[in-house]
Amino acid sequence: MNRLVQSVERMVDSTELAVLVDGDGGFGNFNNARLLARKLRQARAAGVSLEDSCFPKLNSLIGERHPLADIDELRGHLRAVNMQSPKILFSWPGSRRRLPVTD
């Protein structure tokens, strides 16, 4: 995660464009997703994109379909990002299901 944040800092410093970060599945659990959001906010990233894939991430070119992360786990990741950095944009690309962030 530290290498990612350092790369984001360099990108933000070198451009005036908004930088959207591929946050994979949130780097593990709720606390890691919250830490990722805080570090990306400090690095001045415009947003983070989280996936609903399982951790650790599998190569999508190998095998048929890969299992999705547990819905409560993903909801926790989205809440963690929103709680830590409510102004950071986040997306959930290519999801095969709908998931409300709030109860």
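Along the sequence shown, the residues carry numbers beginning at 1. None of the values given here were measured: they were computed from a predicted structure.
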For this session: Might you work through the side-chain hydrogen bond (donor to acceptor under 3.5 Å, both in side chains) test for N31 and R34, ending with a clear yes or no?
Result: CA-CA 5 Å; N31 290 321; R34 187 172 52 184; 2.7 Å; yes
Donor-acceptor contacts under 3.5 Å from residues 4-12 side chains, at least two apart:
unit_1: S7; atom_1: OG; unit_2: R3; atom_2: O; d: 3.0
unit_1: S7; atom_1: OG; unit_2: R10; atom_2: NH2; d: 3.4

Exercise. Looking only at heavy atoms, which two atoms of S49 and L20 are closest? And how far apart?
Worked result: N-CD1, 4.3 Å
Exercise. Closest heavy-atom contact between F30 and G76?
Worked result: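 Nearest pair, atom of F30 first, then G76: CD1-O, 3.1 Å.
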For this session: Give the C-alpha distance, both sets of side-chain angles, the deciding distance and a yes or no for side-chain contact (heavy atoms from CB on, under 4.5 Å) between R44 and V19.
Result: CA-CA 8 Å; R44 301 180 322 275; V19 175; over 6 Å; no
Exercise. Looking at residues at least two apart in the chain, or sitting in another chain, which of them share a side-chain hydrogen bond (donor to acceptor under 3.5 Å, both in side chains) with R38?
Worked result: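 Applying side-chain hydrogen bond (donor to acceptor under 3.5 Å, both in side chains) to R38 gives none.
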Problem set entry | For N2, all residues meeting side-chain hydrogen bond (donor to acceptor under 3.5 Å, both in side chains), sequence neighbours excluded |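 Scan of N2 (side-chain hydrogen bond (donor to acceptor under 3.5 Å, both in side chains), adjacent residues dropped) gives none.
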